[in-house]
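Heads up, the thing below is written out as structure tokens.
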Amino acid sequence: MKTLIKSPPFDRNYGVYALDCETCYTTRGVELTRVTVVDAKLQVVYDTFVKPDGKIIDYDIRLSGAMEDDLKNTTTSLRDVQAILLNLFSAETILIGHSLENNLYALKLIHGTVVDTSIVFPHRLGLPHKRALGSLMADYLRRIHQDDVGGHNSRNNAVACMELILWKVKEDKKRRKR
């Protein structure tokens, strides 16, 4: 699915959102198990667990925060998620994330207006190396990222990405004034 070009909103603001996904391994490959979207005010605008199409082989809990109990009563499908996101986003909406290509792949979504924290804050060795989100939070915001303590959580990661980009915009503004 591809985000659509839509008529401009009344205020001409297409929106800025950060998103993060959880995935697991299934008989159909890597599939989505959770998606979280936060706005620029760090408010969650969408957060849901997703029932994969295939039979789950491995929850991969070291990388994903979704567990068997989280998905037990889940009926939301990838198609349901896509419908909601295509309604929320337009092609001009700015999406923020860390290694965003993995999230867009899990969502089976094509979107071109992106800001990726793994690119904005590059690894000193350059690509294909990428800094961990927790390392970026520690270095730039001087905070311990919750994933470093309690495991992966898509809400925490989406919020962290938005906070990093808001910090970067503020710092860039300060430098321009000098």
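This is a predicted model, so every value here is computed, not measured.
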Original post:
Given side chains that start at C-beta, do those of Ser154 and Val35 come closer than 4.5 Å, heavy atoms only?
Top reply: no
What about Ile110 and Leu85, same hydrophobic cluster or not, with Ile/Leu/Val/Met/Phe/Trp/Tyr joined at side-chain heavy-atom distances under 4.5 Å? no
Any donor-acceptor pair under 3.5 Å from Glu31 side chain to Gly54 backbone = yes
Query raised in the report: Any side-chain heavy atom of Ile94 within less than 4.5 Å of one from Val115?
Result: yes
message: If only side-chain N and O atoms count, and only distance matters, is there a donor-acceptor pair under 3.5 Å linking Ser77 with Asp80?
response: yes
Between Ser90 and Tyr14 the two heavy atoms that sit nearest each other are OG-CD2, 3.1 Å
Donor-acceptor pair, distance only, cut-off 3.5 Å: does the side chain of Asp39 make one with the backbone of Tyr17? no
Margin query: With a 4.0 Å cut-off on N to O distance, would you call Glu163 and Arg142 a salt bridge?
Written below: no
Should Ile165 and Ile96 count as side-chain neighbours, where that means a heavy-atom distance under 4.5 Å?
yes
Close side-chain approach of Leu88 to Val37, heavy-atom, < 4.5 Å: yes
Shared hydrophobic cluster, Ile84 / Leu32 (ILVMFWY, side-chain heavy atoms < 4.5 Å)
yes
Open item on the list: Does this structure show an ion pair linking Asp47 with Arg34, if we count only N-O contacts that are shorter than 4.0 Å?
Closed with: yes
Closest non-hydrogen atoms of Ala18 and Ala158, given as atom of the first, atom of the second and distance, are CB-O, 3.2 Å
Check: Hey, is CG on Asn73 packed in by over 12 heavy atoms from elsewhere, all under 6.0 Å?
Finding: no
Rounded to the nearest 0.5 angstrom, the OG1-CZ distance for Thr117 and Arg131 is 10.5 Å
Close side-chain approach of Leu164 and Leu133, heavy atoms under 4.5 Å: yes
**Asked** Any side-chain heavy atom of Val45 sitting closer than 4.5 Å to one from Val38?
**Response** no
dist Tyr46:OH -> Phe89:CZ (nearest 0.5 Å) comes out at 10.0 Å
Donor-acceptor pair, side chain of Asp20 and main chain of Asn157, under 3.5 angstrom: no
(request) Please check if the side chain of Ser99 supplies one atom and the backbone of Asn102 the other of a donor-acceptor pair under 3.5 Å. (result) no
*Test: Glu171 and Lys174 ion pair at under 4.0 Å*: yes
- Message: Taking atom CD1 as the centre, does Ile5 end up with more than 12 heavy-atom neighbours from other residues, nucleotides or ligands that are less than 6.0 angstrom away?
- Response: no
Note to self: Any side-chain to backbone donor/acceptor pair from Lys6 onto Asn87? Under 3.5 Å, distance only.
What the structure shows: yes
Next on the checklist: Side chains of Lys108 and Gln82, heavy atoms from C-beta outward: is any pair under 4.5 Å?
Outcome noted: yes
Margin query: Main chain of Met67, side chain of Asp70: is a donor-acceptor contact present, judged purely on distance under 3.5 Å?
Written below: yes
Between Glu92 and Thr113, is any side-chain donor less than 3.5 angstrom from a side-chain acceptor?
no
Checklist entry - Would you say the side chains of Ser118 and His98 form a donor-acceptor pair under 3.5 Å? => result no
inquiry  = Counting C-beta onward and ignoring hydrogens, is there a side-chain heavy-atom pair between Leu100 and Asn103 closer than 4.5 Å?
reply    = yes
Practice prompt. Give a yes or no on this: more than 12 heavy atoms of other residues, nucleotides or ligands lie within 6.0 Å of atom CZ of Arg155.
Written response: no
field: Main-chain N/O of Thr93 paired to His111 side chain as donor or acceptor, under 3.5 Å
entry: yes
